[in-house]
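When a ligand or atom number is given, it counts from 1 through the structure's own listing order. What you see is a predicted model, and the numbers here were worked out from it, not measured in a lab.
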Amino acid sequence: MSERILLIGSGGREHALAKAIVSSSSCDKLWVAPGNPGIAREAELVSMNIADHDAVATFCHKNNVTLVVVGPEQPLAEGLADTLREEGIDVYGPSQRAAQLETSKGFSKDFMQRHGVPTAPYRRFNATEHDTARTYAAEHALPVVIKYDGLAAGKGVVVALTQAEAIEAVDAMYAGAFGDDGVVIEGFLSGQEASVFAVCDGTDFVTLAPAQDHKRIGDGDTGKNTGGMGAYAPAPIVTSDVLDKIHTQVVRPVLDGMASEGMPFIGCLFCGLMIDDHGDPSVVEFNVRFGDPETQAVMSVLSADVAALFASAARESLDTSTIASTAVGFACNVVLASAGYPDAFDKGLAITGIDDAEADPYVTVYHAGTKESNGTLVSNGGRVLGVTAVGDTLEQAVARSYQAVEKVSFANKFYRTDIAKRAL
Ligand code: AMP
Ligand code: GLY
């Protein structure tokens with residue numbers, strides 16, 4: 001089938017998805033709402049209010065859209081997929097109920113416990129249980145992990161190394177920094193983190209190349225948590241044995257459990273995992289959409305007709321023959337941020353050198369926070385660009401990425417110099 005696709009989102013992840021979708025032989029036409037200047041090179045941008053679900057549905061009907069792919073979690077949390085399905089439009093992305101795997105840490109932990117999915121031991125405290133949460137945190141073995149129970153843009157987790165930090169974190173969350181959803185307090189998992197994306201059709205799934213993100217702002221995993229400062233794929237820590245365990249112990253029980261509880265999961269199940277010294281996975285968190293910046297690396301090594309893959313998942317008949325290979329070589333993505341991020345940073349900084357960087361055929365510069373201003377490309381966010389390269393080896397992909405990083409300029413350019421170092 002020739003797909004007419006609307007992709008929702010505007011970051012580096014959506015730039016990578018857009019590029020993969022337009023290079024699919026099943027893609028006839030791609031619109032992206034709202035998109036960004038990099039995505040504008042791949043697809044037609046649509047300016048509409050994506051929070052207005054009826055407007056999105058009207059656009060789809062008017063333009064004979066056959067598939068909607070939702071990038072970020074917010075529209076899923078708000079039920080965009082539900083509205084579109086009621087309107088008879090196929091969507092790659094979960095329902096509002098299924099999105100609870102990401103939107104409520106408490107839901108997700110209770111669900112894992114019901115279905116025997118390995119995860120850290122925990123207790124959940126509601127909005128009125130500030131005092132009990134405080135006492136529990138103070139008495140918990142260290143380190144202890146305090147998580148806000150609702151969406152917090154990746155900032156609602158504190159790994160407390162001292163009792164004082166634990167109490168402070170609980171108090172800050174109950175002070176309403178993110179809302180009034182209560183907290184989850186859980187044990188600390190040690191090991192190496194990995195991100196595994198499962199393309200799911202409600203019943204069946206296929207996993208893509210395992211990736212590793214770099215969440216801290218500074219080299220050597222120091223400093224504040226960010227949305228992600230770089231990624232690479234495939235991550236050697238996830239051997240085929242480890243991936244088998246992830247399939248049988250995590251993805252399979254989640255899909256079966258969600259279906260049996262009446263909220264089948266259609267879309268990308270993002271498994272944020274800790275892999276221990278024995279190669280046993282535990283779930284740190286689920287997200288219900290692709291990861292950013294992991295997707296930029298994962299899509300770079302995927303050889304597939306992703307338009308057909310996502311469409312088949314959306315139509316509850318996953319077709320894995322759309323995938324030629326999930327891992328052709330290796331890819332490395334280095335995020336170029338505006339110094340100051342994740343705290344205050346400048347915007348509107350003129351960007352040059354992208355064409356020069358992309359003169360290397362193995363390099364793609366994904367736009368994350370950019371905009372066009374009077375004909376000049378300028379920064380428009382904390383994470384500005386994602387410089388991605390592919391190679392036959394991880395070493396080669398990393399070397400090419402960092403060579404390209406040098407060619408891109410903007411004032412206050414900041415990046416980590418150790419992406420993928422651990423795997424090398
Ligand atoms: P989350 O938003 O749940 O992914 O948490 C953000 C980060 O906090 C994760 O990527 C981990 O690095 C860390 N983290 C969260 N939960 C745990 C845990 N139980 N044990 C160790 N680290 C954790
Ligand atoms: N890279 C982590 C995330 O997308 O949540």
Out of L273, V144, I185, V284, the nearest non-hydrogen contact to atom 14 (N) of ligand 1 is supplied by V284
Any side-chain heavy atom of F345 sitting closer than 4.5 Å to one from F414?
-> no
Kindly indicate whether the side chain of V144, heavy atoms from C-beta on, has any atom under 4.5 Å from the side chain of F188.
-> no
Considering only heavy atoms of G291, which atoms of ligand 2 have at least one such atom less than 4.0 Å away?
-> 4 (O)
Of all the atoms in ligand 2, which lie at a distance below 4.0 Å from a heavy atom belonging to N287?
-> 5 (O)
Do any N/O atoms on V157 end up under 3.5 angstrom from N/O atoms on ligand 1?
-> no
Of all the heavy atoms in G156, does at least one lie under 4.0 Å from an atom in ligand 1?
-> no
Centroid-to-centroid, F290 to F310, below 6.0 Å?
-> yes
Using a strict 4.0 Å cut-off to heavy atoms of K147, name the atoms of ligand 1 that fall inside it.
-> 3 (O), 15 (C), 16 (N)
Mark the output for G227 as yes if a heavy-atom distance to ligand 2 is under 4.0 Å, and as no if none is.
-> yes
Min heavy-atom dist G228 to ligand 2 below 4.0 Å | no
For E186, counting its heavy atoms only, list the atoms of ligand 1 lying under 4.0 Å from any of them.
-> 16 (N), 17 (C), 18 (C), 19 (N)
Can you find a pair of side-chain heavy atoms, one from L302 and one from T326, that are under 4.5 Å apart?
-> yes
Should V398 and I419 count as side-chain neighbours, where that means a heavy-atom distance under 4.5 Å?
-> no
Taking atom 5 (O) of ligand 2 as the point of reference, which of E193, R289, E285, M229 owns the nearest heavy atom?
-> R289
Considering only the protein, which heavy-atom contact is closest to atom 2 (C) of ligand 2, and what is its distance?
-> D213 OD2, 3.5 Å
Per-residue contact class, R13 against ligand 2 - non-hydrogen pairs under 4.0 Å | neither
Which ligand 2 atoms does E294 reach within 4.0 Å, using its non-hydrogen atoms?
-> 1 (N), 2 (C)
Would you say the side chain of R422 lies within less than 4.5 Å of the side chain of L424, judging by non-hydrogen atoms?
-> no
Distance filter under 4.0 Å to V145 heavy atoms, resulting ligand 1 atoms | 16 (N), 17 (C), 18 (C), 19 (N), 20 (N)
With a 6.0 Å cut-off on ring centres, are F286 and F270 close enough?
-> no
Do F125 and Y136 have ring centroids that are under 6.0 Å from one another?
-> yes
Quick one: does G187 get an N or O within less than 3.5 Å of an N or O on ligand 1?
-> yes
Contact partition for F290 relative to ligand 2, non-hydrogen atoms under 4.0 Å = neither
Would you check if I5 and V65 make a side-chain contact, meaning some heavy-atom pair closer than 4.5 Å?
-> no
Counterpart residues, salt bridge (charged side-chain N to carboxylate O under 4.0 Å, His left out), relative to D256 (two or more places apart) | R252
